**Student:** 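Supplied in structure tokens, the structure appears directly below.
Predicted model, so just to flag it, every value in this text is computed and none were measured. Here is how names work: the chains are called A, B, and so on, in the same order as the sequence lines, proteins then strands, and each is numbered from 1. Any value given below was found using the heavy atoms of this structure, including those in side chains, with hydrogens, waters and symmetry copies removed.
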Amino acid sequence: MADFETPELQEYSVVPKLEKGTMAGSAPFIAKPQFQEPLGYPGELVDNWEEKVITKMDDLRGKYRGFQVFLDSCVKCGACTDKCHYYLGTKDPKNMPVARQDLLRKVYRRYSTFAGKFFGALGIPGFVGAADLNKEVLDDWYSYFHQCSQCRRCSVYCPYGIDTAEISMAAREIMATVGVGQKYCNQIIAKAQTIGNNLGLPQPALLDTLEGLEEEVEEDTGVAVKFPLDQKGCDILLITPSADFFAEPHVDGLMGYAKVFHESGISWTMSSSASEAANFGMFIGSYETMRTLSLRIREAALELGVKRIIFGECGHAWRVAYSFLNTLAGPWDFLDQNYPIPQHICEFTNDMIEKDELKFDKSANDHMTLTFHDSCNVARGSRMGDKPGGQMDIPRAVIKAVCNNYVDMPNDTIGEATFCCGGGGGLLTDDLMELRVKGAQPRMEAYKSTVDNSGVTNLVAICAICKSQFTKVLPYYGFGMTDILSLHQLVSDAIILTGSEDDTSEDSDTNESE
Amino acid sequence: MSASVVYALAFYLASAIFIIGVVRKIVQYAKIPAPLKIPTMPAPTTQAGVVVRMFTEVVLFNSLFKSNKWIWIFGWMFHFALLLAVFRHLRYVIPADSFLMPLIGHEIVQAFGKYAGFAMLAGLGGLFARRIFVDRVRYISSPSDYAMLLLIMGIAGTGLMMSFVEHTDIVMLKEFMLGLLIFNIQPLPSDTNLLVHLGLVIALMIIFPISKLLHAPGVFFSPTRNQVDNARTKRHLAPWAAELEADRKAGE
Ligand code: HEM
Ligand code: SF4
Ligand code: SF4
């Protein structure tokens, strides 16, 4: 399949011995000037880049408390060393979270701390973990800060909560500032900013796709479920990742949301100018870009005159939405304050289920046994509902309301301990295929153990990146690419639409038979 | 110059570096804004919850416990022995008539404090062994990481020597310490053990604000641990981020 070996799946808890340099050659394509300049970055590596790197690092240290505290506080205890899926999958020591941080920390130590300057002057900066900045170090940064999916698993286990994701974001921003940006992310950001979504789908194409979906659902169920776009005066604005418009299994999820909205009777619309939940500004560490992208949502909400904003299934988008949207594009005083702003589609569906407003035929999903992959950004970067941990409980509650066979993966691989799919954080690009396959190993091992022990047949996710990544990597590990499902696809398959052929009076209380 | 004068001056210098250095760092941390809500979730939804979370981190090393039982047991032993030892040492610098004396002089503190040195050495030894034997930890260790452990082991070791093998002249030492507080340099006992012990303590104070020992103030400022999970209900805006909002359309 490719010029690297797919790791063999083992017991999921094995921590490998170090193998230096196994991933030294891994790096995504560097952004050409045409993808750098629209974001305000220099087209290529600037002349006095060493100096600029330090200046930018100082700037970020003054803007982000976390960055400064994390740079100072690591005691090299080693607690995080075996927590990163990229380390577990590649064995490359520079993929241990602390080692990844140290790539940057050693430069900080060298130029911005007394200890580094002192021992640097003596010619032994390495004594205190400091090192000179040179092209080799910069290349290492480019390689290894693009081997971090910003999943935050390390931050759960560090005694000071040191979050390597924050360091990676800062490093990527520093690199872009001196002219070394990443092509995949920057290209996508430009499209989202100019056209409205990451795929560059203009309004006519979207309308066309949505009409197709309407026809498909009507053919299937006999009910005219609408997929409204740019309609003014609706209650709800749905912001969903653009992959939901056409990719498999994402689009089946979109059909699920539409059916739930239809049954709820609440009017809703999507927006072509804000037809993207994803916000790659987070991946490149740029507050400004993240903010610009978020403001599109504010503008769309104002223009369409909606009362509520709901996000579709997307992990990092939900982190940006839940944790940052109020900061970046708030205050949301013009929306209905009786509902969470923004709300997750799973929260919405769960509310409908709790109010008993949806009818399901759970047996529609009886041919499968399901397990749920907690997406890292949802599990460790956000919440759903009003209790801590709702982000784990609510999706599971929805799944259990629409299917009969559900089993969790091992405890140390779900919830706050969840393993990344291997493709998050702006790494979902073909030029990083080896990394993506190897980084998926811990998740694949956990999945395999439920397949082997509990007869699980499918993996459910609520993240566009996870879904695309699993579609690609499952076959490397001997699973079917269609094992991965959208959560709302299950909802879609089980829901009984009012007025459909399945909606008979005997059937209508199936959801109470549990 | 006599050893007493050298040590007295070194103590003043080290104290100045320690206090000024740590205060400067704390002020720096406090001043830098945390522009985004980044608590590691699930996180407490109230300030009281954050206090509980911080307490479990600082007192129980909760995250470390989840992470690695070996580091946890060694690290926890070392830190709590250190705390006890520091507590016990207060009697050398607190006048006998101080209201704190009954507490510090209490048998339990003194007895546990006396043996805490062994727990400290055991904990440090465990951590040191991990640095040598666990390949991942060896890879991330710099010479200074080993040196710092050796330094503290040296302090604990010489301290234990004085407790159990070769007592120093405590009365004289106490007079020296109390003298320092009122800038009146008294003679210091001259046994090597004590001089090494105090020399290493002085070194530790000096490196504290310029090394990873900053984890002690740092942990309280870590946004992933000290933030409340309330982003949807309360708008969180850093001053530099607020400045960006000048471009918002008027009337919005
Ligand atoms: C708020 C107070 C403090 C907290 C919460 C704290 C917490 C921790 C934790 C969780 C670790 C990692 C586990 C370990 O290796 O032990 C650690 C390491 C360490 N701490 Fe502290 N600490 C505090 C104060 C101090 C102080 C005052 C010192 C002064 C000597 C100190 C010295 C060290 C050293 C040397 C290490 C590294 C051990 C190694 O090399 O493995 N800590 N601390
Ligand atoms: S954030 Fe995730 S990918 Fe990055 S170092 Fe930590 S565990 Fe690894
Ligand atoms: S767990 Fe935290 S303190 Fe320990 S080595 Fe990793 S980043 Fe450093």
**Student:** So, does B/T224 use its side chain to make a donor-acceptor pair with the main chain of A/G161 at under 3.5 Å?
**Tutor:** yes
**Student:** Of the backbone (N, CA, C, O) and the side chain (C-beta and beyond), which part of A/S323 lies under 4.5 Å from a heavy atom of chain B, both, or neither?
**Tutor:** both
**Student:** Which atoms of A/D82 come close to chain B, meaning under 4.5 Å heavy atom to heavy atom: side chain ones, backbone ones, both, or neither?
**Tutor:** both
**Student:** So does A/F127 get a backbone contact from the side chain of B/S142, meaning a donor-acceptor N/O pair under 3.5 Å?
**Tutor:**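 Flag not set: sc B/S142 to bb A/F127 has no pair under 3.5 Å.
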**Student:** Where on A/I341 is there a heavy atom nearer than 4.5 Å to chain B: the side chain, the backbone, both, or neither?
**Tutor:** backbone
**Student:** Does the B/R235 side chain pair with the main chain of A/N326, one donor and one acceptor, at a distance under 3.5 Å?
**Tutor:**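 It does hold such a pair.
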**Student:** Most heavy-atom pairs under 4.5 angstrom with chain A, which of B/P35, B/G218, B/P223, B/A216?
**Tutor:** B/P35
**Student:** Report which part of B/P39 has an atom under 4.5 Å of a heavy atom belonging to chain A: side chain, backbone, both, or neither.
**Tutor:**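 Backbone of B/P39 only, per the 4.5 Å heavy-atom cut-off to chain A.
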**Student:** Where does A/F114 contact chain B at under 4.5 Å (heavy atoms): side chain, backbone, both or neither?
**Tutor:**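 Side chain of A/F114 only, per the 4.5 Å heavy-atom cut-off to chain B.
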**Student:** Relative to chain A, which segment of B/D145 carries a heavy atom at a distance below 4.5 Å: side chain, backbone, both, or neither?
**Tutor:** side chain
**Student:** Using non-hydrogen atoms only, which part of A/F118 is less than 4.5 Å away from chain B: side chain, backbone, both, or neither?
**Tutor:**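 Neither the backbone nor the side chain of A/F118 comes within 4.5 Å of chain B.
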**Student:** Do you know which of B/L214, B/N226, B/I207, B/N68 has the most heavy-atom pairs under 4.5 Å to chain A?
**Tutor:**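 Between B/L214, B/N226, B/I207, B/N68, the count favours B/L214.
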**Student:** With a 4.5 angstrom heavy-atom cut-off, could you sort out which part of A/Y287 is near chain B: side chain, backbone, both or neither?
**Tutor:**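 It is the side chain, since no backbone atom gets that close.
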**Student:** If I measure from the heavy atoms of chain A, does B/A30 come under 4.5 Å with its side chain, its backbone, both, or neither?
**Tutor:** backbone
**Student:** If I measure from the heavy atoms of chain B, does A/Q337 come under 4.5 Å with its side chain, its backbone, both, or neither?
**Tutor:**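 Interface part for A/Q337: neither.
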**Student:** For B/I38, is it the side chain, the backbone, both or neither that has a heavy atom under 4.5 Å from a heavy atom of chain A?
**Tutor:** both
**Student:** Answer with side chain, backbone, both or neither: which region of A/K20 has an atom nearer than 4.5 Å to a non-hydrogen atom of chain B?
**Tutor:**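 The side chain, not the backbone.
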**Student:** Report which part of A/V15 has an atom under 4.5 Å of a heavy atom belonging to chain B: side chain, backbone, both, or neither.
**Tutor:** side chain
**Student:** Measure distances from A/D102 to the heavy atoms of chain B and classify the residue's part below 4.5 Å as side chain, backbone, both or neither.
**Tutor:** side chain
**Student:** Is it the backbone or the side chain of A/R61 that comes under 4.5 Å from a heavy atom of chain B, or both, or neither?
**Tutor:**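 Contact with chain B is through both the backbone and side chain of A/R61.
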**Student:** Is there a donor-acceptor contact under 3.5 Å from the side chain of B/D135 to the main chain of A/K17?
**Tutor:**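 Not confirmed, B/D135 side chain does not pair with A/K17 backbone.
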**Student:** Do the side chain of B/R232 and the main chain of A/A321 share a donor and acceptor less than 3.5 angstrom apart?
**Tutor:**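 It does not hold such a pair.
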**Student:** Got a donor-acceptor contact below 3.5 angstrom from the A/T327 side chain to the B/L237 backbone?
**Tutor:** no
**Student:** Does any heavy atom of chain A fall under 4.5 Å from the side chain of B/A238, the backbone, both, or neither of them?
**Tutor:**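 Neither part, no heavy atoms under 4.5 Å.
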